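Just below is one structure, and these are the notes that go with it.
Throughout, protein chains are lettered first and strands after them, A, B, ... in sequence-line order, and every chain is numbered starting at 1. These numbers come from a predicted model, not from an experiment.
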Number of protein chains: 2
Amino acid sequence: MSKQALPVVDLHAVACCPPIAARPLDADQAAVVAPMFKALGDPVRLRLMSMIASVPEICVCDLTPAFDLSGPTVSHHLKVLRDAGLVDSERRGTWVWYRVRPEAFRRLGALLEIGHS
Amino acid sequence: MSKQALPVVDLHAVACCPPIAARPLDADQAAVVAPMFKALGDPVRLRLMSMIASVPEICVCDLTPAFDLSGPTVSHHLKVLRDAGLVDSERRGTWVWYRVRPEAFRRLGALLEIGHS
DNA sequence: GGGCTGCTTCGAAAACCATCTAGACAAGGA
DNA sequence: TCCTTGTCTAGATGGTTTTCGAAGCAGCCC
């Protein structure tokens, strides 16, 4: 949905990004970041994310057959990833294409770096 | 609980660790890793993890007062982190101390590195 | 237009989760 | 031994999540 209003997670609102091992996260930061981890906390979504991140972009029609799940279920999981700000989608003609939002992905990785303690 | 049998997640069972952006995760790998992300997908647990990771070790008695939650609720969240293999605990006299399992933490970080695609 | 295919949204059922209170257990001190 | 303090377990409850089938919308082709 390229015409969709705004991502549910505003990435600019995240106080930018010392690793969680560097100093304790405050409640506000945690409230912004936790939903991203939560979105990756389901095996189906983690695989979807991995399939999307492994290529520049990928069609839903190539994602759905990789799972033993109904179309609506896969679509739901993709929406969770979208709402978490982790991926973006765009309809082009008949098909809908998904791609990673690299800044979100990088942010998450940065949080898990080893703190300099 | 130092005397507790084994961590619920056997870290050695994780096929070790190309970033999820390098190639699609298979279902077995996803089933092992997703619970770790899921454990971090709650704001309370993310803050707990961050507090634990920021120091060599920390007493439950220092974790609980940081939240507006009952003791049992904090204890429950700590158990989720333990079961996910992310932290370890040990009773020493009156108090129970928690510390990060660095290998699990590093593994998670490695998964989120940018793939060489 | 009419019908087809791809994807999403809706609504409902079942499973799961966060939180609480009450109670149990462990260690230490009177 | 009994009492207190710190932590965990058990059980209950309300809220959320996963999943489905049915229905909707968007784009294509005849």
Checking D:dC20, C:dC7, C:dT21 against the side chain of A:T73 (C-beta onward), the nearest is D:dC20
Of the listed nucleotides D:dT9, C:dT19, C:dC7, the one nearest the side chain of B:H76: C:dT19
Under-4.0 Å side-chain N/O to phosphate OP1/OP2 contact, B:S75 with D:dT7: no
Reckon B:T94 touches a base, only the sugar-phosphate, or nothing at all at heavy-atom distances under 4.0 Å? sugar-phosphate
Look at all strands and tell whether B:G93 reaches a base, only sugar-phosphate, or nothing, counting heavy atoms closer than 4.0 Å. sugar-phosphate
Here the pair of heavy atoms bringing B:M36 nearest to B:L86 is O-CD1, 3.9 Å
Protein-nucleotide distance (A:L69, atom CG; C:dT8, atom P), rounded to Å: 14 Å
Kindly point out which of C:dC7, D:dT18, D:dT9 is positioned nearest to the side chain of A:H77? D:dT18
Dump the intermediate steps for side chain to side chain contact (heavy atoms under 4.5 Å, CB included) on A:V87 and A:L78, then the final yes or no. CA-CA 8 Å; A:V87 303; A:L78 288 170; 5.6 Å; no
Closest to the side chain of A:V96, out of C:dC7, C:dT21, C:dT9, is C:dC7
List the atom of A:I20, the atom of B:S54, and the distance in Å for their closest heavy-atom pair. O-OG, 3.5 Å
Could you tell me how far apart B:D42 (CG) and C:dA18 (C1') are, to the nearest whole angstrom? 8 Å
Does A:R99 CZ have over 12 foreign heavy atoms under 6.0 Å away? yes
Tell me the interatomic distance from B:L81, atom CG, to D:dC8, atom P, rounded to whole angstroms. 12 Å
Options D:dT7, C:dC17, C:dT8, nucleotide nearest the side-chain atoms of B:K38: C:dC17
Show the nearest heavy-atom pair for residues B:S70 and B:T73, with the distance to one decimal. OG-OG1, 2.9 Å
Provide, to the nearest angstrom, the distance between the CZ atom belonging to A:R92 and the C1' atom belonging to C:dC7. 15 Å
Please give, in whole Å, the distance from C:dG6 P to A:L78 CG? 16 Å
In whole angstrom, give the distance that lies between atom CH2 of B:W95 and atom C1' of D:dG6. 9 Å
Below the 4.0 Å mark, does C:dA18 have OP1 or OP2 next to a side-chain nitrogen or oxygen of B:R45? yes
Closest approach to the side chain of B:R91, judged atom by atom: which nucleotide of C:dA18, C:dA27, D:dT19 is it? C:dA27
Phosphate oxygens OP1/OP2 of D:dT7: is one of them under 4.0 Å from a side-chain N or O of B:Y98? no
Nearest whole Å is fine: how far is D:dG6 P from B:K79 NZ? 23 Å
Residue pair A:V44/B:C59 against DNA chain D: nearer the 5' end by closest nucleotide is B:C59
Length of the CD-P vector between B:E90 and C:dA26, whole Å: 17 Å
